[in-house]
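Worksheet: the structure to be examined is printed underneath.
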Protein chains: 2
Amino acid sequence: MPHRLGKPSYCTDHEWMGRSDCTHCAIRGMMLFSQLPPESFDHLLQPIGNEHYPPGSILYREGYAGREVFSIRRGLVKLLSLGVDGSERIVRLLGKGAVVGLELLDQGTAYHHTAVATQDVDLCRIPLATLVDLELHHPELCDRVRQQLQYQVDRADHWIKHLNTGKARVRIAQLLLLLAEIGSDRNGDIELLPRDDMAAVVGVTKETASRIIAEFKRHRLIYKVAANTHRIESQKLQELIARESSVD
Amino acid sequence: MPHRLGKPSYCTDHEWMGRSDCTHCAIRGMMLFSQLPPESFDHLLQPIGNEHYPPGSILYREGYAGREVFSIRRGLVKLLSLGVDGSERIVRLLGKGAVVGLELLDQGTAYHHTAVATQDVDLCRIPLATLVDLELHHPELCDRVRQQLQYQVDRADHWIKHLNTGKARVRIAQLLLLLAEIGSDRNGDIELLPRDDMAAVVGVTKETASRIIAEFKRHRLIYKVAANTHRIESQKLQELIARESSVD
DNA sequence: CGCGCTTTTGATCGTCTTCAACTTAGGTGG
DNA sequence: CCACCTAAGTTGAAGACGATCAAAAGCGCG
């Protein structure tokens with residue numbers, strides 16, 4: 001991606017896109033601050049940044065005692081945890097409307113995962129102090145935070161139940177359905193993950209993931225419609241899942 | 001897929017043990033209401049029940065629009081989700097200090113799991129209205145709820161990373177360490193789960209779980225110290241995990 | 001056009017599942 | 001107290017499935 005060229009060395013790999021205008025946020029309804037009146041944003045001590053991250057860039061690292069949470073406006077972010085042997089396990093995939101880094105609200109904690117953009121990501125960078133400050137004057141924000149955490153719990157449970165259970169083919173099929181749910185564009189098309197990411201999601205090897213995706217393509221359960229863009233036959237995938245999970 | 005919950009031999013009977021006295025709760029420090037002043041409990045509209053559930057009893061069922069959350073004082077509770085084929089997947093094991101059913105705080109939702117006591121369980125049954133009521137006058141309770149949810153997120157992530165990754169022997173070893181962490185008695189001993197529950201935790205068949213536990217017993221990584229009570233060699237289990245997760 | 005990367009495919013091996021038989025433990029009634 | 005009964009746990013053998021190692025094919029980019 002062109003962004004990496006000509007950047008000052010202190011800047012890692014994301015691009016400042018100006019200060020956020022929360023009151024006119026395009027997806028305001030699903031964001032953290034959707035219930036707040038416009039004037040609440042006027043006297044914030046610290047600005048909310050509006051940023052772009054190209055694929056592969058790191059939002060934050062596991063164990064780092066950061067001071068910011070991130071609200072995803074566009075794109076997909078993976079949360080991963082590194083094993084002792086250096087292997088990575090992806091524990092969540094989050095898209096538009098999700099907020100990551102909320103574990104920092106527990107005093108003295110660091111980020112629990114490493115967060116990486118898997119696509120072009122636009123997000124709001126919210127200083128923890130701002131969040132705490134706003135919460136003080138707007139108790140209803142507390143509910144929004146709780147809903148965000150509940151969402152993450154639900155996602156994690158879905159992950160355990162559907163992406164980490166049963167045969168590999170079924171898991172990959174479920175992953176494709178998940179991508180369609182949280183990461184599809186206006187045509188309903190999705191951007192596939194690299195095979196090793198798929199593998200790190202469902203807990204198989206990248207070869208197995210590759211074999212299954214190749215097989216799906218041959219059987220026309222997925223097909224390419226443009227560069228980096230695939231259409232999936234949700235109906236047929238559902239059937240495959242039903243067929244292969246039952247005891248014949 | 002293996003069938004679970006075949007016959008509803010589960011009993012829903014539980015025993016009322018009187019109204020809770022939160023101010024003198026033995027494990028008050030870890031409970032939901034630990035920060036609240038004693039007089040806050042005086043004029044509650046609805047009582048907080050203090051109950052006992054024998055092993056196998058159901059706290060609540062997935063999809064049921066209940067009006068109560070449960071705070072565990074003693075014992076172990078499993079949260080499980082049923083597959084279309086009737087097979088069950090355990091997505092969490094919770095012990096002393098955990099609160100279950102908090103998903104009801106989202107308006108109009110039902111329980112997301114079925115909660116079953118795996119041991120003798122003592123818990124406080126808290127009407128949702130009471131929780132909401134207390135929260136209104138004690139904003140700090142909001143933090144406690146958030147911490148509870150964050151705990152569940154962390155548990156779920158740990159589950160994905162350690163109990164649903166790698167070879168079966170490693171997973172079972174991790175499960176034993178988890179039981180020791182959240183469910184050990186004052187001697188550090190644990191109550192083993194039935195083999196089919198172990199299987200439903202780590203995502204293998206009950207036969208595989210059985211083989212591995214039998215092998216652990218033969219190698220003296222676990223041994224029985226009393227009826228329903230086993231001692232585990234955490235050190236040796238850790239070594240086994242390190243040994244078997246690395247690529248030789 | 002060729003270089004490095006990801007993806008695909010092949011062949012072999014180890015692990016886990018499956019189905020079945022057998023053993024053990026706990027509980028009930030004679 | 002023992003005989004019996006049932007449910008839970010253990011073990012065996014066969015085969016399916018995914019891991020592993022290795023090599024070839026495809027693709028983006030300079």
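Note that the coordinates shown come from a computational prediction; the quantities given were computed from them, not determined experimentally. By convention in this document, chain letters (A, B, ...) are assigned in the order of the sequence lines, proteins followed by strands, and residues within each chain are numbered from 1.
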- Message: Using only atom types and a distance under 3.5 Å, with no angle test, would you say the side chain of A/Arg74 pairs donor to acceptor with the backbone of A/Ile72?
- Response: no
- Message: Check this for me: does the side-chain of B/Arg211 come within 3.5 Å of the base of D/dG9 through a donor and an acceptor?
- Response: no
- Task: Compare the minimum distances between each of C/dT7, D/dA19, C/dT17 and the side chain of A/Ser210, then state the nucleotide with the smallest one.
- Result: C/dT7
- Quick one: is B/Thr208 getting a side-chain N or O under 4.0 Å of the C/dT17 phosphate, OP1 or OP2? yes
- Consider the side chain of B/Glu207, meaning its heavy atoms from C-beta on, and name the nucleotide among D/dA19, C/dC19, D/dT20 that approaches it most closely. C/dC19
- Task: Measure the distance from CD1 on B/Ile172 to C1' on C/dT15 and round it to the nearest whole Å.
- Result: 14 Å
- Item | Side-chain (B/Asn187) to main-chain (B/Asp189) donor-acceptor, under 3.5 angstrom | no
- Message: I want to check one thing: is the phosphate of D/dT10, taken as OP1 and OP2, less than 4.0 Å away from some side-chain N or O of B/Lys217?
- Response: yes
- Measure from the side chain of B/Ala214, starting at C-beta and using heavy atoms only, and say which of D/dT11, C/dC16, C/dT9 lies closest. D/dT11
- Query: Out of curiosity, A/Trp159 CH2 to A/Gln174 CD, how far, rounded to the nearest 0.5 Å?
  - Reply: 12.0 Å
- Sidechain-backbone polar pair: A/Arg171 side chain, A/Gly166 backbone, donor-acceptor under 3.5 Å: yes
- Message: Which residues in residues 221-232 of chain B have a heavy atom closer than 4.0 Å to any atom of DNA chain C?
- Response: none
- Message: Can you measure B/Asp196 atom CG to D/dG9 atom P for me and round it to whole angstrom units?
- Response: 6 Å
- Can you figure out which of C/dT15, C/dT17, C/dT8 approaches the side chain of A/Arg195 most closely? C/dT8
- Task: Answer with base, sugar-phosphate or nothing: what part of the nucleic acid does A/Lys206 contact at a heavy-atom distance below 4.0 Å?
- Result: nothing
- How bent is the helix from C/dC1-D/dG30 to C/dG30-D/dC1, comparing axes over its five end pairs at each side, to the nearest 10°? 30°
- Message: Less than 4.0 angstrom from a charged side-chain N to a carboxylate O is my criterion; do A/Arg73 and A/Asp122 meet it?
- Response: no
- Query: Can you tell if the side chain of B/Leu237 reaches within under 4.5 Å of the side chain of B/Ile222, non-hydrogen atoms only?
  - Reply: no
- Between C1' of D/dC27 and CG of A/Leu192, the distance in whole Å: 15 Å
- Note on the structure: To the nearest angstrom, the CD1-P distance between B/Ile213 and C/dC16 comes to 14 Å
- Query: Between B/Arg89, B/Glu88, B/His113, which is the residue that forms a side-chain contact (heavy atoms from CB on, under 4.5 Å) with B/Leu80?
  - Reply: B/Glu88
- Message: As an exercise, state the distance from CD1 of B/Ile160 to CZ of A/Arg92, rounded to the nearest 0.5 Å.
- Response: 6.5 Å
- Query: Roughly, in whole Å, what's the span from NZ in A/Lys167 to P in D/dA16?
  - Reply: 11 Å
- Query: Nearest of D/dG9, D/dG18, C/dC16 to any side-chain atom of B/Ala168?
  - Reply: C/dC16
- Please collect all side chain to side chain donor-acceptor pair (under 3.5 Å) contacts where either partner lies in residues 210-221 of chain B, sequence neighbours excluded, each pair once. B/Arg169-B/Glu215
- Message: Rounded to whole Å, please give me the gap between CD in B/Glu215 and P in D/dG12.
- Response: 13 Å
- Can a donor-acceptor pair under 3.5 Å be found between the side-chain atoms of A/Arg218 and the base atoms of C/dT9? no
- Note on the structure: When B/Leu193 and A/Ala209 are each assigned the nearest nucleotide of DNA chain D, the 5'-most assignment goes to B/Leu193
- Message: Are the side chains of A/Leu179 and A/Leu76 in contact, using a 4.5 Å heavy-atom criterion?
- Response: yes
- Between atom CG in A/Asp85 and atom P in D/dA19, what is the gap in whole Å? 15 Å
- Note on the structure: Rounded to whole Å, CZ of A/Phe216 lies from P of C/dT7 at a distance of 16 Å
